[in-house]
Asks: 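Shown below is the structure under consideration.
Excluded from the calculations below are hydrogen atoms, water molecules and symmetry mates; all remaining heavy atoms, backbone and side chain alike, are included.
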Amino acid sequence: MATIELFNTLSGKIEALAPVGAPALRMYCCGPTVYDYGHIGNFRTFLQVDVLRRFVRQQGIETKHVMNVTDVDDKIIRNAAAAGVPIGEYTAKFERAFFEDLDALGIQRSELVAHATSCIPDMVGLIEKLAARDIAYQTEDGSWYFRIARFPEYGKLSKKDFEGIEDGARVDVDEYEKDAARDFALWKAVKPGEQHWETSLGSGRPGWHIECSAMATKFLGDTFDLHAGGEDLMFPHHENEIAQSESASGKTFARHWMHVRFLLVEGKKMSKSEGNFYTLRDLLLKGYRASAIRFLLISVPYRHQMNFTFESLAESTNAIDRLRTFHQRMLKGGFAEGLNEEIVAATAKAEQGYTASLANDLNTAEARAAIFELVRAANAAADAGTLRAANVAEILRVLDLFDGVFAVLEDRDAALTRAALAWAEAEGRLGEAAPELVANLSLGDAEIDALVAERTQAKKTRNFARADAIRNDLLAKGILIEDSKDGVRWKRK
RNA sequence: GCACCGAUGGCGAAGUGGUUAACGCGCUGGUCUGCAAAACCAGUACUCAUGGGUUCAAAUCCCAUUCGGUGCUCCA
């Protein structure tokens with residue numbers, strides 16, 4: 001069992017990550033606000049947390065992982081109103097889509113999913129606790145705010161120094177009157193026509209930050225092991241969570257904080273106005289595989305800014321093919337009995353490299369490299385006829401270990417792409433799908449088998465023109481013919 | 001504007017003081033093939049944005065410049 005070292009934003013240092021005072025690692029990850037389909041930036045964060053979660057569990061540490069779903073906020077209220085549906089109906093659709101996307105990307109479910117709207121009493125309780133100590137205060141319109149002046153450590157996570165900021169000086173006039181510029185909303189008073197809850201705090205809805213404090217402590221206790229999220233959440237969201245939670249409990253909130261850096265798309269910040277904004281579904285409809293998206297998004301370590309490009313996505317597809325082909329070759333077996341000592345050493349080196357790399361602040365790039373080195377060594381030995389059956393068993397074990405975190409060997413891609421097309425059809429968005437993809441999937445297996453058989457026949461009669469025509473035609477529809485000693489195979493690209 | 005992070009081959013990307021600068025993709029060559037493809041193997045950065053400096057030794061530390069990103073406001 002390796003000691004897992006992880007950068008801690010709070011201390012600014014790489015520190016050992018381990019459960020304290022409980023058998024399971026208690027972790028909280030800021031989940032989605034379900035007002036739209038998730039984009040690849042969202043999923044990079046969830047994927048990197050998935051890598052951590054899988055590795056922790058692989059190292060023999062159980063997890064108690066809570067993810068929240070924000071199902072009430074300004075954007076949801078605005079969009080639901082525009083769509084003319086209750087917010088519950090509006091969010092249900094996107095929440096369902098979100099979990100489908102997690103599954104498509106091989107992201108394991110957390111032990112617990114907490115909805116903001118189902119934890120309102122917990123949030124109210126927390127705010128009351130703060131109000132009793134005059135840390136929370138109500139403004140004239142009925143909203144409640146957190147008094148930052150009462151939390152001297154404010155800024156310790158994001159390393160901000162607020163001493164130079166004078167309360168009330170040159171501050172935009174907000175809709176509500178706060179005592180100090182930085183004070184943030186705990187509870188928002190109801191506005192006409194908005195979804196609201198009748199509580200002891202008055203009629204209204206929770207502020208954004210309070211839900212995470214309430215839900216994390218409700219399910220994980222006042223103090224827990226790890227809190228994770230995208231780098232943008234560090235300030236103000238996580239800073240505010242700390243302020244609320246630690247003010248209420250008087251104890252440390254999360255010990256360890258993990259922040260995943262943003263990605264760039266084609267060298268630029270992803271944004272709708274740049275035209276480089278992609279949801280997972282956009283990419284699936286373009287014909288990219290879910291596995292390739294997963295592999296690419298986790299191949300760059302979480303603390304590095306990564307540049308997402310379509311070229312690198314295509315490369316990931318090929319890299320996965322290499323791994324899958326190798327995996328199949330090992331599974332197929334047929335190697336002579338015995339043991340090749342050189343390969344024993346190569347296999348052990350790969351396993352050590354894999355584990356040490358991930359234990360070292362989740363260096364996924366290095367872990368990947370260790371496995372590819374094994375692939376090359378084993379392929380070369382297999383070609384030379386020196387690979388032995390006992391080696392293969394070990395190689396498969398190490399490959400399984402690797403796949404326990406990377407999760408790309410099993411080929412679910414065609415099924416996932418089909419599901420995406422079915423969704424597009426239901427949404428009337430089939431026009432966004434790549435034409436080759438539609439052509440490919442409209443061709444049934446039996447039809448392809450028939451064409452492949454016809455080509456084989458044509459080859460026998462040395463009618464190569466006809467054989468090549470069939471081959472090229474299928475290729476244009478994304479179907480690849482592979483001639484081998486054992487006969488002809490085909491696969492969908 | 002202030003603060004922080006980054007810049008490594010055609011592309012993506014490890015490596016943060018000391019053997020020949022990982023790995024993947026691509027490309028080139030080879031094996032195989034009717035020709036291809038697929039698969040596998042081999043080769044593929046005398047050099048780490050630029051200019052200075054520190055050191056016996058720097059991609060790795062320091063300073064400056066240029067470029068990219070992020071935070072200061074909703075954002076994964």
Asks: OP1, OP2 of C4(B) versus side-chain N and O of K159(A): anything below 4.0 Å?
Replies: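 Checking K159(A) against C4(B): no side-chain N or O falls below 4.0 Å of OP1 or OP2.
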Asks: Is there a side-chain hydrogen bond (donor to acceptor under 3.5 Å, both in side chains) between T461(A) and N463(A)? Walk through the geometry before answering.
Replies: CA-CA 5 Å; T461(A) 58; N463(A) 183 357; 5.1 Å; no
Asks: Which nucleotide wins on minimum distance to the side chain of N307(A), given the candidates C23(B), G34(B), G12(B)?
Replies: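 So the side chain of N307(A) is nearest to G12(B).
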Asks: When you measure from the side chain of E366(A), which nucleotide among A76(B), G15(B), C23(B) comes out closest?
Replies: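 Among the listed nucleotides, the one closest to the side chain of E366(A) is G15(B).
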Asks: Taking atom P in both A49(B) and A59(B), compute the distance separating them and give it to the nearest angstrom.
Replies: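 One P to the other, the span is 10 Å.
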Asks: Have a look at L263(A) and say if it touches a base, only the backbone sugar-phosphate, or nothing, with a 4.0 Å heavy-atom cut-off.
Replies: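 The answer is base, as L263(A) lies within the cut-off (heavy atoms under 4.0 Å) of a base atom.
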Asks: Taking the P atom of each, how far is G12(B) from U55(B), in whole Å?
Replies: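 Rounded to whole Å, the distance is 36 Å.
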Asks: Expressed in angstrom and rounded to an integer, what is the separation of L313(A) atom CG from G26(B) atom C1'?
Replies: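 After rounding, the gap between these two atoms is 15 Å.
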Asks: In whole Å, I'd like the distance from the OH atom of Y354(A) to the C1' atom of A14(B).
Replies: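 From Y354(A) OH to A14(B) C1': 17 Å.
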Asks: From G24(B), U70(B), A14(B), pick the nucleotide closest to the side chain of P301(A)?
Replies: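 Nearest nucleotide to the side chain: A14(B).
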Asks: Could you state the atom-to-atom distance from CZ of R261(A) to C1' of A7(B) in whole Å?
Replies: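 Whole-Å distance recorded here is 12 Å.
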Asks: Please determine whether a side-chain nitrogen or oxygen atom of N379(A) lies at a distance below 4.0 Å from atom OP1 or OP2 of A39(B).
Replies: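 So the side-chain polar atoms of N379(A) never come under 4.0 Å of the phosphate oxygens OP1 or OP2 of A39(B).
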Asks: Looking only at side-chain atoms of E482(A), point me to the closest of A22(B), G24(B), A38(B).
Replies: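 Of A22(B), G24(B), A38(B), A38(B) is nearest to the side chain of E482(A).
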Asks: Classify the ring geometry between Y354(A) and F402(A) as parallel (under 30°), tilted (30 to 60°) or perpendicular (over 60°).
Replies: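 Taking F402(A) first and then Y354(A), their aromatic rings stand perpendicular (interplane angle over 60°).
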Asks: Looking at CG of L17(A) and CG of D361(A), how far apart are the two atoms once the value is rounded to the nearest 0.5 Å?
Replies: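 Atom-to-atom, L17(A):CG and D361(A):CG are 10.5 Å apart.
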Asks: Between A22(B) and G10(B), how far apart are the P atoms? Round to whole Å, please.
Replies: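 Between the two P atoms, the distance is 16 Å.
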Asks: Expressed as a whole number of angstroms, how long is the span from R44(A):CZ to G12(B):P?
Replies: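 About 15 Å, once rounded to whole Å.
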Asks: Touch check for D73(A), heavy atoms < 4.0 angstrom, all strands: base, sugar-phosphate only, or nothing?
Replies: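 Nothing, no heavy atom under 4.0 Å.
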Asks: Just to be sure I understand the rule, does R376(A) reach a base, reach only the sugar-phosphate, or reach nothing, if contact means heavy atoms closer than 4.0 Å?
Replies: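 Answer is sugar-phosphate: R376(A) comes under 4.0 Å of backbone atoms only.
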Asks: Taking D411(A) first and then K491(A), would you say they form a salt bridge - that is, a charged N and a carboxylate O separated by under 4.0 Å?
Replies: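 Looking at D411(A) and K491(A), the cut-off is not met.
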Asks: Quick check for you: among G26(B), U73(B), A22(B), whose closest atom lies nearest to any side-chain atom of R182(A)?
Replies: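 Nearest listed nucleotide: U73(B).
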Asks: E311(A) or R471(A): which one's nearest nucleotide on RNA chain B is closer to the 5' end?
Replies: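 Its nearest nucleotide lies further toward 5', so the answer is E311(A).
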Asks: Between F98(A), F277(A), F94(A), which is the residue that forms a ring pair (Phe, Tyr, Trp, His ring centres under 6.0 Å) with Y37(A)?
Replies: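 Considering F98(A), F277(A), F94(A), a ring pair (Phe, Tyr, Trp, His ring centres under 6.0 Å) with Y37(A) is found only for F94(A).
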Asks: Which whole number of Å gives the distance between the P atom of A45(B) and that of G9(B)?
Replies: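 Approximately 12 Å lies between the P atom of A45(B) and that of G9(B).
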Asks: Do the rings of H259(A) and H238(A) sit parallel, tilted or perpendicular, given the 30° and 60° boundaries?
Replies: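 The arrangement is tilted - the two ring planes meet at 30° to 60°.
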Asks: Under 4.0 angstrom, heavy atoms only, what part of the nucleic acid is V300(A) near: base, sugar-phosphate, or nothing?
Replies: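 Counting heavy atoms under 4.0 Å across all strands, the contact made by V300(A) is with sugar-phosphate only.
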Asks: Report the base-pairing partner of A58(B) (Watson-Crick or G-U wobble, both distances below 3.5 angstrom), or none.
Replies: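 The base-pairing partner of A58(B), which may sit in any strand shown, does not exist here.
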Asks: Checking all strands, does L264(A) fall into the base, sugar-phosphate, or nothing category for heavy-atom contacts under 4.0 angstrom?
Replies: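 Sugar-phosphate only.
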Asks: Nearest of A76(B), G12(B), U70(B) to any side-chain atom of Y35(A)?
Replies: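 Looking only at heavy atoms from C-beta outward on Y35(A), the closest nucleotide is A76(B).
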Asks: Taking only side-chain N and O atoms of H304(A), does any of them lie within less than 4.0 angstrom of OP1 or OP2 on G6(B)?
Replies: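 No, because none of the side-chain N or O atoms of H304(A) sits under 4.0 Å from OP1 or OP2 of G6(B).
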Asks: With the side chain of D321(A) defined as its heavy atoms from C-beta on, choose the nearest nucleotide among A76(B), A37(B), A39(B).
Replies: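 Within the option list, the nearest is A39(B).
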Asks: Under 4.0 Å, counting only non-hydrogen atoms across every strand here, what does H259(A) touch: a base, just sugar-phosphate, or nothing?
Replies: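 If one applies the 4.0 Å heavy-atom cut-off, H259(A) turns out to touch nothing in the nucleic acid.
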Asks: Any chance CZ of R489(A) has more than 12 other-residue heavy atoms, nucleotides or ligands included, within less than 6.0 Å?
Replies: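 Open.
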Asks: By nearest atom, which of the nucleotides G15(B), G34(B), G26(B) is closest to the N363(A) side chain?
Replies: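 Of all the options, the side chain of N363(A) is nearest to G15(B).
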Asks: Give a yes or no on this: more than 12 heavy atoms of other residues, nucleotides or ligands lie within 6.0 Å of atom NZ of K268(A).
Replies: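 No - once you tally the heavy atoms of other residues, nucleotides and ligands closer than 6.0 Å, there are 12 at most.
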Asks: Using a cut-off of 4.0 Å on non-hydrogen atoms, how would the nucleic acid contact of K491(A) be classed: base, sugar-phosphate, or nothing?
Replies: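 Counting heavy atoms under 4.0 Å across all strands, no contact is made by K491(A).
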Asks: Heavy atoms under 4.0 Å, any strand shown: does D483(A) hit a base, just sugar-phosphate, or nothing?
Replies: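 If one applies the 4.0 Å heavy-atom cut-off, D483(A) turns out to touch a base.
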Asks: My understanding is that a pair needs two contacts under 3.5 Å, Watson-Crick or G-U wobble. By that rule, which nucleotide pairs with G24(B)?
Replies: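 Its partner is C11(B).
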Asks: Can you tell me which nucleotide in A76(B), U73(B), C41(B) comes closest to the side chain of F262(A)?
Replies: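 Within the option list, the nearest is A76(B).
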Asks: Can you tell me how far C1' of A36(B) sits from CG of N472(A), to the nearest Å?
Replies: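 The distance from CG of N472(A) to C1' of A36(B) comes to 9 Å, rounded to the nearest Å.
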Asks: Do the side chain of E315(A) and the base of G12(B) come within less than 3.5 angstrom through a donor-acceptor pair of N or O atoms?
Replies: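 In this structure, the two groups form no donor-acceptor pair.
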Asks: Send over the distance from F235(A) CZ to G71(B) P, rounded to a whole Å.
Replies: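 Roughly 12 Å, once rounded to whole Å.
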Asks: Spell out, as yes or no, whether a donor-acceptor pair under 3.5 Å connects the side chain of S110(A) to the backbone of V66(A).
Replies: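 Checked: no pair found.
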Asks: Who is the Watson-Crick or G-U wobble partner of C74(B), with both distances under 3.5 Å?
Replies: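 Pairing partner, where one exists within any strand: none, as none qualifies.
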Asks: Could you check how far CG of L297(A) sits from C1' of A76(B), rounded to whole Å?
Replies: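 Atom-to-atom, L297(A) to A76(B), this comes out as 11 Å.
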Asks: Does the G34(B) base have a donor-acceptor partner in the side chain of D468(A) within less than 3.5 Å?
Replies: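 Per atom types, the contact qualifies.
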Asks: Determine the Euclidean distance between corresponding P atoms of G1(B) and A21(B); express it in Å to zero decimal places.
Replies: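 These two P atoms come out 40 Å apart once rounded.
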Asks: With a 3.5 Å limit on both atom pairs, tell me what A36(B) is paired to, counting Watson-Crick and G-U wobble, or say none.
Replies: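 By the stated definition (distances under 3.5 Å), nothing pairs with A36(B).
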Asks: Check the distance between A36(B)'s C1' and R489(A)'s CZ and give it to me in whole angstrom.
Replies: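 It works out to 16 Å between those atoms.
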Asks: Rounding to the closest angstrom, what is the interatomic distance between U44(B) and C25(B) at atom C1'?
Replies: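 Per the computed distance, 13 Å lies between those C1' atoms.
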Asks: Expressed in whole Å, how much space separates the P atoms belonging to C5(B) and A64(B)?
Replies: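 These two P atoms come out 13 Å apart once rounded.
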Asks: On RNA chain B, nearest-nucleotide positions of F464(A) versus F308(A): which is more 5'?
Replies: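 By nearest-heavy-atom nucleotide position, the 5'-most residue is F308(A).
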Asks: C1' atom, C72(B) versus G26(B): distance in rounded Å?
Replies: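 Nearest-Å result for C72(B) against G26(B) at atom C1': 42 Å.
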